[in-house]
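A short worksheet on the structure shown next.
FYI, the numbering just counts along the sequence from 1.
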Amino acid sequence: CLCVTRKRPALLARSIRCFQAQRWAPRELLVVYEDDDPETRDYLSTVTDPMIRTIEVPSDPKMTLGELRNLAIAAARGSWFCQWDDDDWHHAERLSAQWAALRVRRADACVLMHWLVYDASTGRAFISPRWHWEGSILCDKRVLGGSLRYAAAARAEDTPFVQALA
């Protein structure tokens, strides 16, 4: 599970709790952050879970979000990667459910087609429209290469990736 984060330690803490609650056992969380982010560094210094690794990268020259995601994929120890955004909540069965869907279909990648979207201001939840939700990708690293990589973009880097994969 790959988490690129920047100056949002409270969201990162929640995301880590979601990772730790996963019922799928063989996993790691790789947190990538920049060296000009002492809030994240300080928070991560308190995390002692051996399934969580961190990579601090230089903030100069500035890397795009897509470049940081590609760096995380290359550094991940497993043969599969999962996008694990710090601002999303992840159900405890997320990895198990996606892995089961991959095995049934003998697929190389899986994305969720619906998300539950929670509006904290109203306390209401909604089911999303049908979409290839980019932030939910679980993918075999062997399919990467050539042009199939995250775009070197600061935003929306995952949309062309999922479209190309589809």
Side-chain angles (χ1 to χ4, degrees), residues 1-35 37 39-57 63-118 125 128 131-145 148-151 157-159 161-162 164-166:
C1 299
L2 310 175
C3 181
V4 177
T5 190
R6 179 160 177 79
K7 297 187 178 183
R8 303 193 299 186
L11 290 177
L12 177 60
R14 185 188 66 207
S15 187
I16 286 175
R17 287 191 303 274
C18 289
F19 171 80
Q20 291 170 323
Q22 290 297 300
R23 295 194 183 110
W24 182 255
R27 67 189 187 279
E28 79 170 346
L29 178 66
L30 185 55
V31 180
V32 178
Y33 68 99
E34 294 172 308
D35 63 4
D37 183 355
E39 300 93 347
T40 297
R41 181 185 310 115
D42 291 347
Y43 166 70
L44 288 170
S45 72
T46 69
V47 177
T48 59
D49 188 329
M51 290 190 298
I52 299 172
R53 294 190 305 126
T54 63
I55 296 180
E56 183 179 278
V57 298
M63 295 175 70
T64 65
L65 181 55
E67 291 168 328
L68 292 169
R69 290 198 196 283
N70 291 326
L71 180 144
I73 291 169
R77 292 181 178 143
S79 56
W80 292 78
F81 70 92
C82 177
Q83 189 167 321
W84 199 267
D85 290 343
D86 63 359
D87 59 347
D88 294 336
W89 291 15
H90 306 276
H91 190 279
E93 294 290 340
R94 176 188 169 189
L95 295 176
S96 298
Q98 285 190 267
W99 186 255
L102 283 168
R103 301 291 28 114
V104 166
R105 290 177 177 80
R106 297 179 185 201
D108 294 326
C110 174
V111 295
L112 299 176
M113 297 302 293
H114 293 281
W115 274 5
L116 292 177
V117 181
Y118 178 68
S128 73
W131 180 255
H132 293 102
W133 290 102
E134 296 90 342
S136 70
I137 184 81
L138 175 59
C139 185
D140 189 332
K141 287 168 64 173
R142 292 178 296 182
V143 303
L144 300 177
L148 187 55
R149 304 184 56 74
Y150 282 97
E157 78 299 335
D158 46 7
T159 299
F161 176 83
V162 170
L165 188 62

Walk me through it: do R69 and F81 pass the test side-chain contact (heavy atoms from CB on, under 4.5 Å)? CA-CA 10 Å; R69 290 198 196 283; F81 70 92; over 6 Å; no

Between C110 and R105, does a side-chain contact (heavy atoms from CB on, under 4.5 Å) hold up when you go through it step by step? CA-CA 10 Å; C110 174; R105 290 177 177 80; over 6 Å; no

Report the C-alpha separation of R27 and F19 in whole Å, then their side-chain angles, then the decisive distance to 0.1 Å, and conclude whether the side-chain contact (heavy atoms from CB on, under 4.5 Å) test is met. CA-CA 9 Å; R27 67 189 187 279; F19 171 80; 3.4 Å; yes

Show your reasoning for whether side-chain contact (heavy atoms from CB on, under 4.5 Å) applies to I16 and V47. CA-CA 9 Å; I16 286 175; V47 177; 4.3 Å; yes

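Here the shortest heavy-atom pairing between V111 and I137 reads CG1-CD1, 3.5 Å. Shown here for A76 and L2, the closest heavy-atom pair between the two residues is CB-CD2, 3.9 Å. Considering every non-hydrogen atom in both A92 and A21, the closest pair reads CB-O, 3.4 Å.
Although no hydrogens or angles enter the test, the distance criterion places no donor-acceptor pair under 3.5 Å between the side chain of E157 and the main chain of L68. Put simply, the side chain of R53 gets close to the backbone of A75: a donor and an acceptor are under 3.5 Å apart. In this structure, the side chain of E56 does not engage the main chain of R41 through any donor-acceptor pair within 3.5 Å. When atom types are taken as modelled, the side chain of S45 and the backbone of D42 share a donor-acceptor pair closer than 3.5 angstrom. In this structure, the side chain of K141 engages the main chain of G78 through a donor-acceptor pair within 3.5 Å. Panel note: side chain D85, backbone D87; no donor-acceptor pair is recorded below 3.5 Å. Distance alone, capped at 3.5 Å, is enough to place a donor-acceptor pair between the N70 side chain and the G66 backbone.
Summarising the geometry, atom CG belonging to L30 is positioned 8.5 Å from atom CZ belonging to R77; distances are rounded to the nearest 0.5 Å. To the nearest 0.5 Å, atom NE2 of residue H91 and atom OG of residue S96 are 10.0 Å apart. With values rounded to the nearest 0.5 angstrom, I73 atom CD1 is found 7.5 Å from C139 atom SG. Note that CG of L144 is 10.0 Å distant from CG of D108, once rounded to the nearest 0.5 Å. Summarising the geometry, atom CZ belonging to R17 is positioned 9.0 Å from atom CH2 belonging to W89; distances are rounded to the nearest 0.5 Å.
Relative orientation of the W99 and W80 rings is perpendicular, given thresholds of 30° and 60° on the angle between their planes.
Residues L165 and L148 have side chains in contact (heavy-atom distance under 4.5 Å, counting atoms from C-beta outward). For the pair L11/T5, no side-chain contact is recorded, criterion being any heavy-atom separation below 4.5 Å from C-beta on. Residues L138 and L102 meet the side-chain proximity criterion, which asks for heavy atoms closer than 4.5 Å. Using a 4.5 Å cut-off on side-chain heavy atoms (C-beta onward), W133 and D88 make no contact. A heavy-atom distance below 4.5 Å is found between the side chains of H90 and W84. Contact annotation: the side chain of Q83 approaches that of Y150 to within less than 4.5 Å [non-hydrogen atoms, C-beta and beyond]. Using a 4.5 Å heavy-atom cutoff, the side chains of R94 and C82 are in contact. Contact of the L95 side chain with the C1 side chain is registered, since non-hydrogen atoms from C-beta on lie closer than 4.5 Å.
In this structure R6 satisfies the salt bridge (charged side-chain N to carboxylate O under 4.0 Å, His left out) test together with E34, D36, sequence neighbours excluded. Qualifying ring-ring contact (aromatic ring centres under 6.0 Å, His included) partners for Y33, counting only residues two or more places apart in sequence or in other chains: none.
Counting non-hydrogen atoms of other residues, nucleotides and ligands closer than 6.0 Å to CZ of R142 gives a total of 12 or fewer.
Each of R8, R14, K7 was checked for a salt bridge (Lys or Arg N to Asp or Glu O under 4.0 Å) with D86, and the lone residue meeting it is R8.
Salt-bridge annotation for R23 and E93: present, with a side-chain N of the basic residue lying under 4.0 Å from a carboxylate O of the acidic one.
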